[in-house]
There are 2 protein chains.
Amino acid sequence: MSNQPAFSRADPDERRQSLIEACARVLAEKGAAGVSVRTICTEAGVSPGLLRHYFGGISEAIAETYRWTGARIDAALEQAVAQAGPDPRARLLAYLTANFRPPIASPDLLASYVALWSLSRSDPLVAAVRAEVYGQFREGLERLVRDWRPGLADPRLPAIALTALIDGLWLELSLGNAPFSPEEAEALAEHWLDALPG
Amino acid sequence: MSNQPAFSRADPDERRQSLIEACARVLAEKGAAGVSVRTICTEAGVSPGLLRHYFGGISEAIAETYRWTGARIDAALEQAVAQAGPDPRARLLAYLTANFRPPIASPDLLASYVALWSLSRSDPLVAAVRAEVYGQFREGLERLVRDWRPGLADPRLPAIALTALIDGLWLELSLGNAPFSPEEAEALAEHWLDALPG
DNA sequence: ATCCTTGCTATACACTCGTATAACAAGCGA
DNA sequence: TCGCTTGTTATACGAGTGTATAGCAAGGAT
């Protein structure tokens with residue numbers, strides 16, 4: 001009987017990343033109440049003690065998961081904009097409508113976000129990352145709005161309006177039970193974009 | 001030295017209601033992670049054991065808090081519609097814009113909702129009330145949409161679109177840090193309502 | 001083939017959680 | 001004024017939490 005190794009050593013960055021992704025899965029599947037050092041490590045297939053070798057605490061692990069999730073979304077948005085070509089309106093519209101398709105519009109991502117948002121109320125580390133991610137999102141949108149309407153005195157108001165538009169449609173789409181296709185959401189967003197005052 | 005009574009007996013309905021409102025305050029202030037039998041009862045000024053005399057468990061207490069919160073919002077919306085007079089468009093617009101003013105647009109209510117939503121993922125009782133409250137909201141909106149556009153084949157799609165509109169603007173307003181007044185949100189909602197296709 | 005580093009596991013600790021139970025006492029009916 | 005009902009408190013229990021610590025062993029270096 002040849003003894004299999006009881007565990008294997010992994011590249012530090014890969015192990016850390018696997019813990020982050022395990023945390024994201026737990027958040028999506030079990031919600032904020034289901035996330036704990038033990039559930040994360042079980043999901044990642046490692047012993048409970050290992051989390052503290054890669055993170056200062058569970059708060060830091062969750063905060064890093066938030067940061068990773070935000071970066072993933074940001075990458076998807078940037079890619080959509082890049083594929084839209086040079087026209088400012090097309091670029092802005094691509095940014096808006098990318099929110100209505102996978103991987104952004106998804107029940108899992110909505111569940112993760114609700115959990116992370118909920119945790120950010122009682123966890124300062126998570127709250128800090130939330131502000132950081134939200135700021136990045138709004139900054140990217142404001143930049144596209146400025147390119148779209150260069151003469152605009154204050155791009156913040158239309159940016160907020162468009163953020164609200166995205167939020168609402170993304171939410172209803174990600175709930176999954178809406179009688180609503182991504183195409184209809186995109187058509188609506190385009191229609192409302194052109195109807196934006198100012 | 002006359003001994004003050006160590007506690008006083010209350011009307012069962014009032015005591016139950018005070019626990020519900022204490023639960024709502026805890027949810028708003030400390031989030032989902034801060035709500036527990038002990039924090040709720042401390043907030044209500046009673047001993048921890050009392051909660052189980054009025055509720056089958058903490059899940060039931062939270063679910064009842066959800067139901068009470070939903071009813072409070074529904075009442076505010078109904079009142080706004082009643083004050084709007086007979087014109088269908090005015091009634092629909094009143095329903096929409098009531099979401100942008102207190103008591104509906106409020107950081108506390110947003111915090112409570114995020115917490116309740118988060119809890120509903122792992123707690124079946126809370127999830128059931130969430131479906132119930134969401135159904136009521138959508139039903140009320142669909143009714144107003146039908147009155148507004150009687151010839152419409154399917155009022156569900158515009159109702160979802162308007163729900164998304166409400167969700168997004170309510171969210172951004174309730175965050176509190178938006179460069180955005182309720183009046184601007186109302187003007188935007190009216191503008192987008194008239195631009196609704198179909 | 002052996003040593004050594006350190007990734008990894010195993011265990012323990014203090015704390016909080018929801019719930020169950022028994023004793024207490026407030027305040028109404030007599 | 002006394003007794004009884006029951007709302008209310010106090011206490012205890014097992015389970016789960018995050019964290020700290022000691023020891024094991026994987027696998028590259030020598």
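Below, chain A is the first sequence line, B the second, and so on; all start at residue 1. If you're wondering where the values come from, they're calculated on a predicted model, not measured in any experiment.
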Picking from [options], which would you name as closest to the side chain of [X]?
| X | options | value |
| --- | --- | --- |
| A:A6 | C:dG7, D:dT8, D:dA26 | D:dA26 |
| A:I58 | D:dT19, D:dT6, C:dT5 | D:dT19 |
| A:R52 | C:dT9, C:dG27, D:dT19 | D:dT19 |
| B:V46 | D:dG7, C:dG7, D:dT9 | D:dT9 |

- request: May I have the distance from B:L51 (atom CG) to C:dC17 (atom P), rounded to whole angstrom?
  value: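 Checked: the CG to P distance equals 13 Å.
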message: Any base atoms under 4.0 Å from B:L50, or only sugar-phosphate, or nothing? Heavy atoms, all strands.
response: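 Counting heavy atoms under 4.0 Å across all strands, the contact made by B:L50 includes a base.
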message: Under 4.0 Å, counting only non-hydrogen atoms across every strand here, what does B:Y54 touch: a base, just sugar-phosphate, or nothing?
response: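 Touches sugar-phosphate only.
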message: At less than 3.5 Å, do the side-chain atoms of A:R9 and the base atoms of D:dA25 form a donor-acceptor pair?
response: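 Flag set: donor-acceptor pair detected.
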message: At less than 3.5 Å, do the side-chain atoms of A:R38 and the base atoms of D:dG16 form a donor-acceptor pair?
response: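 Side chain to base: no pair below 3.5 Å.
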field: Ring geometry between A:W192 and B:W192 (parallel below 30°, tilted from 30 to 60°, perpendicular above 60°)
entry: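 Ring orientation, 0 to 90° scale: parallel.
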message: Students often mix this up, so state it plainly: with edges at 30° and 60°, are the rings of A:Y95 and A:F137 parallel, tilted or perpendicular?
response: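 A:Y95 vs A:F137 ring planes: tilted.
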query: Does B:E172 come within less than 4.0 Å of A:R156, counting only side-chain N to carboxylate O?
result: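 Answer for the salt bridge query: no.
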message: Any side-chain N or O of A:R15 below 4.0 angstrom from OP1/OP2 of C:dC8?
response: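 For C:dC8, OP1 or OP2 has a side-chain N or O of A:R15 closer than 4.0 Å.
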